[in-house]
J.: 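Next up is a structure, given as structure tokens.
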Amino acid sequence: MGGAPMGGVGRGARVLDGAQSFGLVVLLFGLPFSEAMKSLGLAIAAAAFLGKLVLGARPRFEDRKVLLALLVYFAMAALSVAVAEPHLRKPSELLTIGMTIVPFILVADACNRPSRKLFFALTIVAGATLAAFLAYVDHMTGNYQRTVLGSVENAIPAAEYLGAVVPLGVALLLEEVAAPLAGPLLGLGVGSLVITFIMTKSRGPLPAAIT
């Protein structure tokens with residue numbers, strides 16, 4: 001976060017910046033397998049972000065194209081509501097869409113340090129790997145025909161989530177494959193993600209994951 005005041009207020013802003021990152025770690029790690037962690041992490045990150053604004057710190061976005069993309073996304077959603085048939089026109093849905101945009105803004109602000117980008121990426125892969133392992137165990141001990149995730153109980157969006165994480169895991173694996181510990185751990189994670197992704201039996205997300 002740029003433009004933070006100096007002195008005690010500046011230190012407070014830095015503490016809140018750390019709290020925001022902590023909340024995002026809880027959110028990103030718990031996203032696929034814990035509703036409670038998702039809610040708690042988002043609440044912590046949002047409260048810390050608002051606290052920084054109150055202290056006078058300005059949001060810092062390294063790439064403003066992210067904000068532009070989010071604005072376009074919301075504008076298109078609003079347009080779709082405006083031109084929908086009267087019985088399908090539900091302006092309240094814009095609130096839901098707006099809430100889904102909030103985590104992207106929080107992450108974009110928190111990524112003001114290059115090291116945090118890598119840390120958040122590792123957090124996502126670690127959480128997805130744990131969720132994939134738990135889903136695999138649940139699948140093998142239950143009567144499920146299609147693997148799901150703890151907090152994504154439909155196989156299709158579960159596959160979409162895993163399909164988005166797989167390329168991220170592969171990229172990290174290619175970067176860290178020579179590391180004594182990181183390489184094998186990332187390899188195990190990527191393998192778990194791919195197996196669980198395939199066991200969702202959702203073909204739609206497959207081309208996106210491959211490309």
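Along the sequence shown, residues carry numbers from 1. Treat the numbers as computed from the prediction; the structure is a model and nothing was measured. All values below were derived from every heavy atom in this structure, side-chain atoms included, with hydrogens, water molecules and symmetry-related copies excluded.
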J.: Could you walk me through whether Arg116 and Asp109 satisfy the salt bridge (Lys or Arg N to Asp or Glu O under 4.0 Å) test, starting with their C-alpha distance in whole Å, then the side-chain angles of each, then the deciding distance to 0.1 Å, before giving a yes or no?
T.: CA-CA 11 Å; Arg116 285 185 181 173; Asp109 173 66; over 6 Å; no
J.: Please say whether more than 12 non-hydrogen atoms of neighbouring residues, nucleotides or ligands are located less than 6.0 Å from CZ in Phe61.
T.: yes
J.: Could you check whether any side-chain heavy atom of Phe197 comes within less than 4.5 Å of a side-chain heavy atom of Thr147, counting everything from C-beta outward?
T.: no
J.: Can you confirm whether Cys111 sits close enough to Phe120 that some side-chain heavy atom of one is under 4.5 Å from a side-chain heavy atom of the other?
T.: yes
J.: Check for me, please, whether Leu118 and Val190 land in the same ILVMFWY cluster - side-chain distances under 4.5 Å, paths through other members count.
T.: yes
J.: For Ala36, does its backbone N or O pair with a side-chain atom of Ser39 as donor and acceptor, under 3.5 Å?
T.: no
J.: Taking the side chain as C-beta and beyond, is there a heavy-atom pair between Leu188 and Thr129 under 4.5 Å?
T.: no
J.: Using the rule that Ile, Leu, Val, Met, Phe, Trp and Tyr join whenever any side-chain heavy atoms are under 4.5 Å apart, tell me whether Leu40 and Leu130 fall into a single cluster.
T.: yes
J.: Taking the side chain as everything from C-beta on, heavy atoms only, tell me whether Ile97 gets closer than 4.5 Å to Tyr73.
T.: yes
J.: Same cluster or not: Leu42 versus Phe33, using hydrophobic residues (I, L, V, M, F, W, Y) connected whenever any side-chain heavy atoms lie under 4.5 Å apart?
T.: no
J.: Please check: side-chain N/O of Lys52 versus main-chain N/O of Pro59, any donor-acceptor pairing under 3.5 Å?
T.: no
J.: Same cluster for Leu186 and Ile124 if Ile/Leu/Val/Met/Phe/Trp/Tyr side chains link at under 4.5 Å?
T.: yes
J.: Indicate yes or no for a side-chain donor-acceptor contact from Ser34 to the backbone of Gly30 under 3.5 Å, with no hydrogens or angles considered.
T.: no
J.: Among Ile44, Leu50, Leu106, Val25, which residue satisfies the side chain to side chain contact (heavy atoms under 4.5 Å, CB included) criterion with Gln20?
T.: Leu106
J.: State, with a plain yes or no, whether a side-chain heavy atom of Thr200 is found less than 4.5 Å away from one of Val148.
T.: no
J.: Does Arg146 use its side chain to pair, donor to acceptor, with the backbone of Ala155 at less than 3.5 Å?
T.: no
J.: Give a yes or no answer on whether the side chain of Ser151 reaches the backbone of Pro32 with a donor-acceptor pair at less than 3.5 Å.
T.: yes
J.: Sequence neighbours excluded, which residues qualify as salt bridge (Lys or Arg N to Asp or Glu O under 4.0 Å) partners of Glu93?
T.: none
J.: Look at atom CZ of Arg89 and say whether more than 12 heavy atoms of other residues, nucleotides or ligands are closer to it than 6.0 Å.
T.: yes
J.: So, do Leu24 and Pro103 sit near enough that their side-chain heavy atoms are less than 4.5 Å apart?
T.: no
